[in-house]
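Data first, discussion second: the structure below is written as structure tokens.
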Amino acid sequence: MIVDDDLEGPTSAPTDRTGKKAGPAEPVHLNPIDLSARFLRKPFKNMLKFSLARLMVNVPLFPERRRAKFAEFATKRDYRWLSQKLLEASASQELRNSQQALPPFNGEIQRKRREAVDSTWHAAINRALSDTDLTTLPKVTVSFVTYNSARWLDDLFTSLLAQNYPSAKLNISFVDNGSTDETVEKITTFMDSHKADFASVILRKQDNLGFGAGHDVSFKASEDDLVFVSNVDLQFHKDSLVKAVKVALADRDDVASWELRQCPYEHPKFYDPISLETSWSSHACILIRRSAYDKVGGYEERIFMYGEDVELSFRFRGAGFRIRYLPHVTVTHHVDFKDTKLRPDQFAGSISSNILLRHRYGTEALAREGVQMLESLIVNEIDRNRRSGLVKAKEIVKNNRQHFQKTKQPEVQVHFPFNGFDYEVSKQGFDTPLQSEEPLDGPLVSIVTRTHGPNTQMLAEAILSVCNQTYQNIEHLIIEDRTNFAEDLTEDLRAAYNKNIRYIKSEGHGRSAAGNTGLDRARGQFMMFLDNDDLLLADHVELLVRGLMANTAAPAAYALAWEIPTFFDQSGRYREGTPLSVPSHATPFSVKKLRKINFLPIQSVLFRRELYETFGGFDLEIDHLEDWNLWCRYSSAGAFHYVPKTTSLYRVPGDYNFRSERTRVMLAAEDAVGKRNEEHFKSQTLKNP
């Protein structure tokens, strides 16, 4: 059996409709410089394995799935393919170098994160989440659109009545789009029983004009500055409305909306872990500033359903507004991933909206790409219901294309993402549940961040990503190694955010010594590392703490991470590439694999304090890959708990030259650390024969 012990390669082979491997895949998400360096490190060994694997592909005695695995394995060691990819990479780099002086390097992401670090509003909205004063809350409108929604209403009504928000300041607006079930009767009964409990409860009936058109009725009838737009197939948590409004009152005037987090399944789209801005918002439950809504003209009347929330989000941003995501403010949204019923109308609506948005917010090339993707789907679709949805989508695009090309064009040229028939890149693990109705009462978590040198901007971003955690019982230890630049920053952020942040000078020299100083000074029952240039998404600590509390036998827990190629200019500004999901990370814990490769990014692991007390900290003789050695030693305590969701980000050099140098440094360290790891495993075998 051939074992992948030298190279990290492509994703697995594609699957057919039965889920079986259909054949070898064209490699994707591979860095050719990294791969060729690994290949050339052991050329004869890899060429032998390549030849053997290619031979095994044609052995009919092996099942198709096994032969596909051999083919995939061989692809990763195909030197001709690697050479071609290196040439392409070199040409691409030359092109980038030739164009580098043409487009401005504006560092938009960096600028907004810098604003968050330097502002008072970011700390203010962070503090607003724990503000319990209800006396200054304004009147708000809560808008619902119903269509044959009777089965959801009892739970919705119960959650409305349980809100901590003063009910006398809530204007409840129902717009029914021609229901034929018991929806209207249920709403009428609720009004008769509880109308006196609220500022108002109003039911308006109309023909089925769509989701956006229904909510538009509520906006036009409301005099409140803030309006909640909500689905009816959800339940508010008791603090949902209070927290969202508190944040809105503390936030900047140019923020148009605040999207609430859906539980137990969070929407998987990307959001910035520092500014909490996002490129588009789901309108399953969102708080909207009515003045911004009125300024941009409300929902797009030609989108009946599915995509109207993305379009309004893009129009907000195209008018110069920001849109915010609130991972700390939650509702329960009833989503059934096991429901396999085909919905042609939903299919048609979502695909046609994507193509129409390409005509309004994208380039001609992007619009053509969308049309071509739709044509390809129609040609290849064999399911009758899905095909009818695709044909309907084509008709919708044909009838509305010119309208979207000529109307409501953006005033501000910002980035409007299109990712196939989706928009933003999506996190892995969308079906990993997290129910956050009640704050988790768990043990203290110590996060150790090592820092060195004068560039404290990324350190500030790392600290703010910890401040944004949904889990609050955290101490953050900033350990500075040899220099004296981070103390003032640490103290400023501690005071502004009122968080448990401590600055400590390292008692030794080097990264490993600094890490051990942090572990020694930590007080938490659970501990983890966060490098000063890495970031945590808001649910990272909460998910891992819940994992360790549920799996008491696990010595540690880990989740998935995005790899972010980062490009710097000479002035220190940066821009980030598309987040990448590294295939080797997405695997249940395996000591066998850990002995061959470190598939655990350092910030992705949360471990129990007993591991440090039993096995110690970093090996002071190791300068690089010290975390790999640590995880190998800690694995002696048992299998780590695996949380298959993307919850953190780590940066890698985007420039091929820098990345190549980084790869050479890591490869130089890999042999020495690997030998030290093997010595540990052999000693453990001798202790436990």
Walk me through whether Phe321 and Val255 qualify under side chain to side chain contact (heavy atoms under 4.5 Å, CB included).
CA-CA 6 Å; Phe321 290 103; Val255 178; over 6 Å; no
Between Phe228 and Phe236, what is the ring plane arrangement, given parallel below 30°, perpendicular above 60°, and tilted in between?
perpendicular
Will you find, in the side chains of His333 and Asp233, an N or O donor that is under 3.5 Å from an N or O acceptor?
yes
Pairing of Asp539 and Lys645 as salt bridge, 4.0 angstrom limit
yes
Yes or no on side-chain hydrogen bond (donor to acceptor under 3.5 Å, both in side chains) for Arg204 and Ser173, after CA distance, side-chain angles and deciding distance?
CA-CA 8 Å; Arg204 300 176 177 87; Ser173 174; 3.2 Å; yes
Could you tell me whether the side chain of Glu300 and the main chain of Arg302 form a donor-acceptor pair under 3.5 Å?
yes
Pairing residues for Lys246 by the salt bridge (Lys or Arg N to Asp or Glu O under 4.0 Å) criterion, not counting sequence neighbours
Asp131
Would you indicate whether Gln472, at its atom CD, is surrounded by more than 12 heavy atoms from other residues, nucleotides or ligands within a distance under 6.0 Å?
yes
Would you kindly say whether Asp197 and Ser167 are connected by a side-chain donor-acceptor distance under 3.5 Å?
no
Quick note, ring pair (Phe, Tyr, Trp, His ring centres under 6.0 Å) partners involving residues 119-142, not counting sequence neighbours, are His122-Tyr497
Tell me whether the count of non-hydrogen atoms from other residues, nucleotides or ligands lying under 6.0 Å of CG in Asp254 goes above 12.
yes
Between Ser465 (side chain) and Leu536 (backbone), is there a donor-acceptor pair under 3.5 Å?
yes
Hey, could you give me each pair passing ring pair (Phe, Tyr, Trp, His ring centres under 6.0 Å) that has a residue in residues 275-297? Not counting sequence neighbours.
Phe219-Tyr293, His267-Trp280, Trp280-Tyr423, His283-Tyr299, Tyr293-Tyr299
Do the side chain of Gln409 and the main chain of Gln405 share a donor and acceptor less than 3.5 angstrom apart?
yes
Compare every heavy atom of Ala496 with every heavy atom of Ala123, then report the nearest pair and how far apart it is.
CB-O, 3.7 Å
Please determine if Lys269 forms a cation-pi arrangement with Tyr325, meaning its NZ or CZ atom is less than 6.0 Å from the six-membered ring centre and no more than 45° off the ring axis.
yes
Side chain of Asn380, backbone of Ser376: donor and acceptor closer than 3.5 Å?
yes
Note: Ala116 and Ile274 closest approach over all heavy atoms is CB-CG2, 4.0 Å
Would you indicate whether Asp133, at its atom CG, is surrounded by more than 12 heavy atoms from other residues, nucleotides or ligands within a distance under 6.0 Å?
yes
Counting only N and O atoms by type, is there a donor-acceptor contact under 3.5 Å from the side chain of Thr183 to the main-chain atoms of Ser179?
no
Quick one: side-chain hydrogen bond (donor to acceptor under 3.5 Å, both in side chains) partners of Asp192, sequence neighbours excluded?
none
Step by step, work out the side-chain hydrogen bond (donor to acceptor under 3.5 Å, both in side chains) result for His237 and Thr332.
CA-CA 7 Å; His237 300 162; Thr332 294; 2.7 Å; yes
Does any pair with a residue in residues 350-373 pass ring pair (Phe, Tyr, Trp, His ring centres under 6.0 Å), and if so which ones, sequence neighbours excluded?
Phe314-Tyr361, Tyr361-Phe416
Any donor-acceptor N/O pair, Arg315 side chain to Gly298 backbone, under 3.5 Å:
yes
Any chance you could lay out the salt bridge (charged side-chain N to carboxylate O under 4.0 Å, His left out) test for Arg358 and Glu311, step after step, and finish with the verdict?
CA-CA 10 Å; Arg358 288 168 180 260; Glu311 197 285 326; over 6 Å; no
Worked verdict on Glu308 versus Ser353 for side-chain hydrogen bond (donor to acceptor under 3.5 Å, both in side chains)
CA-CA 8 Å; Glu308 72 290 327; Ser353 294; over 6 Å; no
Asn498 atom CG, over 12 foreign heavy atoms within 6.0 Å
no
Any salt bridge linking Lys394 with Glu375? Criterion: basic side-chain nitrogen under 4.0 Å from a carboxylate oxygen.
yes
Ignoring hydrogens and geometry, is there a side-chain-to-backbone donor-acceptor pair from Asp224 to Thr141 under 3.5 Å?
yes
Any ring pair (Phe, Tyr, Trp, His ring centres under 6.0 Å) involving residues 191-210? Give me the pairs, sequence neighbours left out, ordered by first then second residue.
Phe190-His194
Salt-bridged, Glu223 to Arg290, with N to O below 4.0 Å?
no
Ion pair Asp251/Arg324, N-O distance below 4.0 Å
yes
Check the pair Asn171, Lys139 against side chain to side chain contact (heavy atoms under 4.5 Å, CB included), reporting the backbone distance first and the verdict last.
CA-CA 7 Å; Asn171 291 300; Lys139 281 189 176 182; 4.3 Å; yes
For the CG atom on Asp118, are there more than 12 heavy atoms of other groups (residues, nucleotides or ligands in this structure) within a distance under 6.0 Å?
yes
Check ion pair Arg113-Glu576 (N to O, under 4.0 angstrom):
yes
Under 4.0 Å between a Lys/Arg side-chain N and an Asp/Glu carboxylate O for Asp176 and Lys205?
no
Go through the steps for Glu424 and Asn419 under the test side-chain hydrogen bond (donor to acceptor under 3.5 Å, both in side chains), then give the verdict.
CA-CA 6 Å; Glu424 273 285 10; Asn419 181 25; over 6 Å; no
Does the side chain of His328 pick up a donor-acceptor pair with the side chain of Thr470 at under 3.5 Å?
no
Just by modelled atom types, is the Ala561 backbone N or O under 3.5 Å from a matching donor or acceptor in the Ser648 side chain?
no
Scanning both residues in full, the closest heavy-atom pair of Ala460 with Val117 reads CB-CG1, 3.8 Å
Just by distance, with hydrogens left out, do Ser119 and Arg252 show a side-chain donor and acceptor under 3.5 Å apart?
no
